[in-house]
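As structure tokens, the structure follows; a few thoughts come after it.
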Amino acid sequence: MSGHWVQQVALGWLVFRLTDSALYLGLVGTCALLPNLLLTPFVGVFAETADRRRILLATQSAAFAHALLLAVAVVTEQVGVALLLALALAQGAIQGFDWTNRQSLLAQLVDDRADLPNAIALNSTSFNVSRILGPALAGALLMAWGEAACFVAAALLEAVAFMFTKRLRLARRVSSTPARAPMFAELGAGARYAWRERAIRRPLLLVALAGATIVPYVNLLPVFATRVFGGGPDLLGALNAAPAIGAVIGGLLLASQRGASGLERRIFIAGLVTAAAAAGFALAPNLVVALPVLALLGGAQLTWMASMNTRLQTVVHDSMRARVMSFFNMAFLAALPFGQLIYGAAADHVGVAVVMTSGAGVCLAGHLWLHFRVQPKAQSPRVEVSNEQCALGN
């Protein structure tokens, strides 16, 4: 993931350098997510029976090739906006297989289900450690050698990750469904199951809300770095690293807690703090205020998202896990391109501060409504689904 963040920071900087447009930043981010959105539900069905380790090896190989292609395009000066949009679409296709597979693989690595919330928190922490290392490395490489060096570094880091994954050994899974229904029937069964259970439906709605109203700010960090705070690549690295530092702290605090008690209260408070911190960053008068508020935003957002992930993983039936986690990713990915396009288009006209503050207000209103109107049942048990129901799509 450090390689992923090196590439993301360099790509954002390259697009903004070529276009000087927040709209294009949003457009490239949208192109990177659309294939992911379209593929995610099908990957959820596919990952129920496929070898998840092999999928991970394949996606890491593709990510390695993708980063090298970006490096060659920059070095040979063949890079342009059209090519970057096409490569962003390719990146989205790779991530479409990668992200859902990783989410469903996590439960397979944990023997004691009581440790699953801890594992999710540690997984989120490692993800956000990479958000510190990756942007910091990207900022240094951008200043010293430019975007091509970042893409080469990303490829090398993907190669290292590939070697680690080859060493991963998993217990053989025994399929809980003796017969498989057609893919669309299984998708329909998963969708009905997810929507019927309030303990699953509400986190899916909340993650879509976060994707549409808060998370798009990441794509506009080059605008904050240059237009708002008057900096360069080094400041962009700091702005990317600040929320990651907060997220690591939040993740370690979550990982120190065993079990899933107090999840509903944690989700509620983290959502409130996330919205408030997003507005605080948008209105920050200087970096002395902006960086600590960004760290708070990162910690609150990590706590919010990881707690919703934990809520889903602790109530979902094993036979539906990959499908429900694909819906979790899909809810996020369906909302995020919409938010990115609005943020990017509006920022060029009314400014990033107004756009981000408005998004925070919508997030707060939606979060309160979902908390008080779509409350799940207390202590919702894991819903059992029979093998026959899963196979027939009923």
Side-chain angles (χ1 to χ4, degrees), residues 1 36 40-41 43-44 47 52 95 98-110 112-131 190 193-194 197-212 214-215 243-244 246-271 273-274 298-318 320-336 363 367 370-371 374 376 380 382-383:
M1 290 308 301
N36 200 336
T40 289
V43 175
R52 293 167 182 168
Q95 291 172 347
D98 185 76
W99 288 359
T100 294
N101 181 59
R102 286 178 185 271
Q103 293 276 5
S104 55
L105 178 67
L106 185 60
Q108 194 178 342
L109 296 171
V110 180
D112 185 353
R113 286 302 167 87
D115 290 329
L116 187 56
N118 179 277
I120 293 170
L122 287 173
N123 184 55
S124 298
T125 302
S126 66
F127 176 86
N128 284 284
V129 166
S130 73
R131 286 183 62 193
Y193 168 77
E197 299 302 323
R198 282 183 291 175
I200 296 175
R201 183 172 74 243
R202 182 166 163 269
L204 294 180
L205 293 173
L206 282 171
V207 76
L209 177 68
I214 298 294
V215 183
V248 169
I249 295 172
L252 291 174
L253 290 174
L254 280 178
S256 67
Q257 303 179 29
R258 182 176 173 84
S261 60
L263 265 180
E264 289 303 322
R265 183 180 63 180
R266 191 183 309 154
I267 290 172
F268 179 64
I269 294 174
V273 177
T274 297
Q301 183 183 318
L302 179 280
T303 302
W304 198 22
M305 301 290 284
S307 296
M308 289 186 282
N309 189 322
T310 300
R311 180 63 168 159
L312 289 179
Q313 298 251 28
T314 53
V315 300
V316 68
H317 190 271
D318 283 341
M320 289 284 187
R321 185 176 304 279
R323 272 171 280 185
V324 169
M325 296 318 299
S326 76
F327 296 144
F328 181 82
N329 290 334
M330 188 177 176
F332 180 78
L333 295 171
L336 185 53
C363 176
H367 179 61
L370 286 171
H371 179 79
V374 195
S380 178
R382 179 184 295 175
V383 180

Evaluate side-chain contact (heavy atoms from CB on, under 4.5 Å) for R202 paired with M308, printing each intermediate quantity in order. CA-CA 9 Å; R202 182 166 163 269; M308 289 186 282; over 6 Å; no
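In plain terms, the two heavy atoms of I214 and C363 that are nearest each other are CG1-SG, 3.6 Å. Heavy-atom minimum distance, S307 versus I267: CB-CG1, 3.6 Å. A pairwise comparison of heavy atoms in A208 and A335 identifies O-CB, 3.0 Å as the closest pair.
Side-chain contact check for T310 versus L254: every heavy-atom pair is 4.5 Å or farther apart.
With hydrogens and angles ignored, the 3.5 Å screen pairs a side-chain donor or acceptor of H367 with a backbone N or O of F268.
Once rounded to the nearest 0.5 Å, the distance linking CG of L206 with CZ of R311 reads 11.5 Å. In this structure, T303 OG1 and I269 CD1 are separated by 10.5 Å, a value rounded to the nearest 0.5 Å.
The side-chain contact (heavy atoms from CB on, under 4.5 Å) test applied to A300 returns V273, T274, not counting sequence neighbours. For the side-chain contact (heavy atoms from CB on, under 4.5 Å) test, residues two or more places apart in sequence or in another chain that qualify with V248 are T125, N128, V129, I132, L252. For the side-chain contact (heavy atoms from CB on, under 4.5 Å) test, residues two or more places apart in sequence or in another chain that qualify with L204 are A194, I200, L312, F327, F328.
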